[in-house]
J.: 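Structure provided below as structure tokens; questions to follow.
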Amino acid sequence: MARSDERDGRKPYKKYKSGRAQRTSKDIELASARSARQPAAGLRSEKRPSGSPHLKSTPAGDTPGAYRRYTAGAGGTSPVAAPGGRRRRRFRWGRLMAVLLILVIIAAIAGIVIAWPSYKKFDHAVDNANCRFRLNGKEAASVLTPDQGAIWRQGTTLLMLGADSKDIKEPARSDTIMLLRFNPDTRTVNQLSVPRDTRVQLSDGSFDKINVAMARGGPLESVRTIEQYLGIPINHVMVVSFKGFSKLVDAVGGLDFKVPETITSEFGAADNRYTVTFKKGMRHFDGREALQYVRIRYVDDDFHRAARQQAFLQALTKKITSLPILRRMPQIGPQLMKSVATDLTTTELLQVGFLKWRANGGTKAVLTGEPQYIGGVAYVLPPDEATKQEAVHRFLTR
């Protein structure tokens, strides 16, 4: 019996058995044509608006309107749909760096605002120390040698004077005389000590102990006398009283210092003498003990005394310029400057502290001489000129 679909001229319906269908030549042609219409490997297909004359048909199984991304693989191109149909943005480092820079600037401004009051207190204390030093502004400018540039780049020479008085305003002799040369190029700080009993010619032409110069004309007279004796241009001066030295040591929490050998010395007035023994080895010094140690007398000579002072001062300045103390300097600075007279400004003090902090060594020397009594007075006669010039050369160049 003839079927109705045969009468209508259509091909009869065919049933296929389960299993893999055989591909005909027509199927292969259709697959080739479909592949030709797909985008090239590695390119993204465009999602065109509806109604566009170039809108491509969505393959079976794809979600209409979804964004398609093609990636190259071993088997050719394969579409990968981005989550939600949105394009993934690249991480931009430039934007992150800009945000971090803004945060650093804000933190720096906040730090300045917080530290500014403490800095102003320290700056005010330095101004008072400058006023104590400047007995006459024009005279000070004519005696001290100006720096050749910024201290942190060109270096400087500082004269340290330890006054044998409790009050920095009182006339006093210089119990300690030490020159310090800060060298930025070599990252060194050189020290040269002059014994206090050294017999020299003062600026008025008379001969006396070098420590008498400050008692007669203050620190400026000491500058004149030392420059004339050594021929070293002095850029800055700092005078510290006994009381100020003790306060300085206490302000930094004392100092751990290694005593090279056991030593015992007498202290006090003639009617109230007492002895103190410093045993060999590491010892923690407070301000009172530190002053006693650097002033040890009646044990050896001024040369050994100057060497002890150099070693102790080097350890003390190392602690003062350490990061923990530098962070506290705005708070403890005003206390330290109360017993100090200097021409160094706040900016110059910070530069000197920076050079000392980054220093990795330096020379230490004591300008020795021959002890001798003249008219019943104990002096140290200066060394010969060649020995003195050699010590000066090492101080200035190494």
J.: Between R132 and N130, is any side-chain donor less than 3.5 angstrom from a side-chain acceptor?
T.: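 R132 vs N130: no donor-acceptor pair found between side chains.
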
J.: Do the ring planes of Y293 and F312 sit parallel (below 30°), tilted (30 to 60°) or perpendicular (above 60°)?
T.: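 Geometry flag for F312 against Y293: tilted rings.
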
J.: Should R153 and D147 count as an ion pair when the cut-off is N to O under 4.0 Å?
T.: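 Salt bridge absent between R153 and D147.
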
J.: If the threshold is 4.0 Å, N to carboxylate O, is there a salt bridge linking D300 and R308?
T.: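 Salt bridge present between D300 and R308.
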
J.: Check this for me: E390, atom CD, are more than 12 non-hydrogen atoms of other residues, nucleotides or ligands nearer than 6.0 Å?
T.: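 No.
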
J.: Looking only at the side chains, is there a donor atom on one of T188 and T186 sitting less than 3.5 Å from an acceptor on the other?
T.: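 Indeed, the side chains of T188 and T186 share at least one donor-acceptor pair under 3.5 Å.
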
J.: Salt-bridged, R283 to D256, with N to O below 4.0 Å?
T.: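 No, R283 and D256 are not salt-bridged.
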
J.: Locate the shortest heavy-atom distance separating F395 from N190; write the atom from each residue and the value.
T.: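 In terms of heavy atoms, the two residues are closest at O-ND2, 2.9 Å.
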
J.: For V237, does its backbone N or O pair with a side-chain atom of D343 as donor and acceptor, under 3.5 Å?
T.: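 Yes, D343 side chain to V237 backbone: donor-acceptor pair under 3.5 Å.
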
J.: Going by distance alone, is a donor N or O of one side chain under 3.5 Å from an acceptor N or O of the other, for S203 and E221?
T.: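 There is such a pair (donor and acceptor under 3.5 Å, judged by atom type) between the side chains of S203 and E221.
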
J.: Are R216 and D208 ion-paired here, with the side-chain N under 4.0 Å from a carboxylate O?
T.: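 Between D208 and R216 there is a salt bridge, with a charged N closer than 4.0 Å to a carboxylate O.
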
J.: Using atom types as modelled and distance alone, determine if a side-chain donor or acceptor of D286 lies under 3.5 Å from a backbone N or O of E289.
T.: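 Flag set: sc D286 to bb E289 pair under 3.5 Å.
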
J.: Charged N to carboxylate O under 4.0 angstrom, K280 versus E261?
T.: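 Looking at E261 together with K280, the answer is no, because their closest N to O distance does not fall below 4.0 Å.
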
J.: For the NZ atom on K388, are there more than 12 heavy atoms of other groups (residues, nucleotides or ligands in this structure) within a distance under 6.0 Å?
T.: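 It does: K388 NZ has more than 12 such atoms within range.
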
J.: Would you say T198's side chain and V194's backbone share a donor-acceptor pair under 3.5 angstrom?
T.: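 Side chain of T198 to backbone of V194: no pair is present.
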
